[in-house]
Amino acid sequence: MSLVDALPPWAAVLVGVLVLLGAGFACVGSLGLLRLRDFYQRVHAPTLGSTLGTFFMVAACVAGFSLAQGRPALQVLLIGVFLTLTTPITLMLLVRAALYRDRVEDGQQMPPPAPPGESSQNPMP
Amino acid sequence: MSHAFLGAALVIAQLLLVLGMACALLRMLRGPRAQDRVLALDAFYVNAMLLLLAVGLRSDSVLYVESAMIIALLGFAGTLAFAKFLLRGEVIE
Amino acid sequence: MRRWLPHPLMAGFLLLVWLLLQRSLAPGSWLLGGALALGLAWAFGKLQPPRARLRGAWRLLPLALRVVHDIVRSNLAVAGVVLGPRRRARAGFVAIPLELADPYGLALLACIVTSTPGTIWVDHDPARGILLIHVLDLVDEASWVETIKRRYERPLLEVFQ
């Protein structure tokens with residue numbers, strides 16, 4: 001007997017809606033990678049998948065596994081915690097790398113007011 | 001009825017996530033610059049991780065959750081290394 | 001107390017992660033998890049992280065609710081931008097003068113700004129206290145400066161300084 005059949009009807013509907021929402025947000029985010037015009041716009045798109053996309057998917061897993069197996073399956077929450085902690089760090093470093101390369105290489109893309117010298121530093125401890 | 005809905009929802013969700021992975025893959029191939037490719041790789045592994053969760057729900061196995069967790073952590077380390085490389089890797093200091 | 005448990009929050013978090021991963025509350029899990037948490041928290045202390053000075057941490061709760069609300073709203077906004085008709089780019093950089101200088105406060109602000117789709121933290125100049133962010137749907141520069149300063153910086157200032 002699979003998880004799908006083990007759930008009570010109301011829970012099946014709930015999990016189904018959560019799964020669809022999560023996958024939908026993640027898909028729209030990835031679509032943004034293709035549709036937006038330049039790097040600085042595209043960098044905003046995948047955040048959809050790692051915030052609400054992951055949230056709905058994790059919620060679906062917690063609800064589905066807990067209700068089907070009769071004991072809380074909270075370890076899925078850890079994925080949400082890890083992703084919320086790590087995504088900002090990745091994106092920030094990536095944007096800084098892009099800005100650095102743009103400033104050094106050709107200065108197309110209107111590099112914004114450059115701080116004097118190398119005084120900027122990463123605020124993450 | 002509601003169980004058929006959940007089954008269909010899981011299939012549709014998997015298709016959506018595969019579509020998302022395809023978009024990321026296309027951006028990874030098209031570039032045009034290295035930072036675009038790294039960003040696409042990041043989106044690719046997040047989608048792959050969500051896909052694993054959906055597969056796990058469909059086959060009622062918590063094991064998929066564990067592998068999704070590993071992907072989340074390794075993907076983070078990988079993207080971070082790439083970004084760090086872009087930051088200082090190829091420009092002479 | 002301080003000597004054996006230099007970072008109680010860190011140790012507690014590690015123990016929680018261990019128990020969640022084990023999916024059990026058996027005595028063995030508590031024992032092994034507790035030992036790991038103590039050891040790792042001690043090792044973390046050896047890295048000599050700067051001490052955080054929190055005053056009135058309860059003020060972070062309304063801030064968290066506000067951030068969740070903003071994340072949901074801007075998720076929908078960015079989804080609209082992606083799915084909507086292709087239009088002239090309105091994205092741009094905004095420079096914001098900050099009063100916040102505490103490293104933990106800045107780290108938290110960075111996470112808030114970056115986890116909200118549509119805005120991303122680019123650069124912070126600690127010498128002049130100027131923060132540079134990139135906004136996807138930039139209509140009015142002044143209103144963004146006002147939003148960041150009033151909605152996020154003020155509560156962080158009260159807690160961290």
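Reminder, nothing fancy here: chain letters follow the sequence lines and each chain counts from 1.
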Measuring from [X]:[atom1] to [Y]:[atom2], what's the distance to the nearest 0.5 Å?
X	Y	atom1	atom2	value
A:Thr84	C:Ile71	OG1	CD1	8.5 Å
A:Gln75	C:Leu19	CD	CG	12.5 Å
C:Leu20	A:Leu74	CG	CG	6.0 Å
C:Leu16	A:Leu77	CG	CG	9.5 Å
A:His44	C:Thr116	NE2	OG1	11.0 Å

Please name the pair of heavy atoms, one in [X] and one in [Y], separated by the smallest distance, quoted to 0.1 Å.
X	Y	value
A:Val95	C:Ile120	CG2-CD1, 3.5 Å
A:Leu31	C:Val82	C-CG1, 4.1 Å
A:Leu48	C:Pro117	CD1-CB, 3.8 Å
C:Ser115	A:Thr47	O-CG2, 3.6 Å

Is there a side-chain contact between [X] and [Y], using heavy atoms and a 4.5 Å cut-off?
X	Y	result
C:Phe93	A:Leu99	yes
C:Val81	A:Leu36	yes
A:Leu52	C:Val72	yes
C:Val68	A:Phe55	no

Task: Neighbour count above 12 (heavy atom, 6.0 Å) for A:Phe39 CZ - done: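 Counting neighbours around CZ of A:Phe39, more than 12 heavy atoms of other residues, nucleotides or ligands fall under 6.0 Å, so yes.
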
Open item on the list: Please rank A:Ala73, A:Gly24, A:Pro46, A:Ser50 by heavy-atom pairs under 4.5 Å with chain C and give me the top one.
Closed with: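 Looking at each of A:Ala73, A:Gly24, A:Pro46, A:Ser50 in turn, A:Ala73 comes out on top.
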
Open item on the list: Report which part of A:Val81 has an atom under 4.5 Å of a heavy atom belonging to chain C: side chain, backbone, both, or neither.
Closed with: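 Just its side chain gets close to chain C.
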
- [ ] With a 4.5 angstrom heavy-atom cut-off, could you sort out which part of A:Leu94 is near chain C: side chain, backbone, both or neither?
- [x]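 Neither part; nothing is under 4.5 Å.
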
- [ ] Measure C:Val135 against the heavy atoms of chain A and call it side chain, backbone, both or neither at under 4.5 Å.
- [x]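 When you check distances to chain A, only backbone atoms of C:Val135 fall under 4.5 Å.
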
Open item on the list: Once you measure the plane-to-plane angle for C:His134 and A:Tyr40, does it fall in the parallel (<30°), tilted (30-60°) or perpendicular (>60°) bin?
Closed with: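 Taking A:Tyr40 first and then C:His134, their aromatic rings sit tilted (interplane angle of 30° to 60°).
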
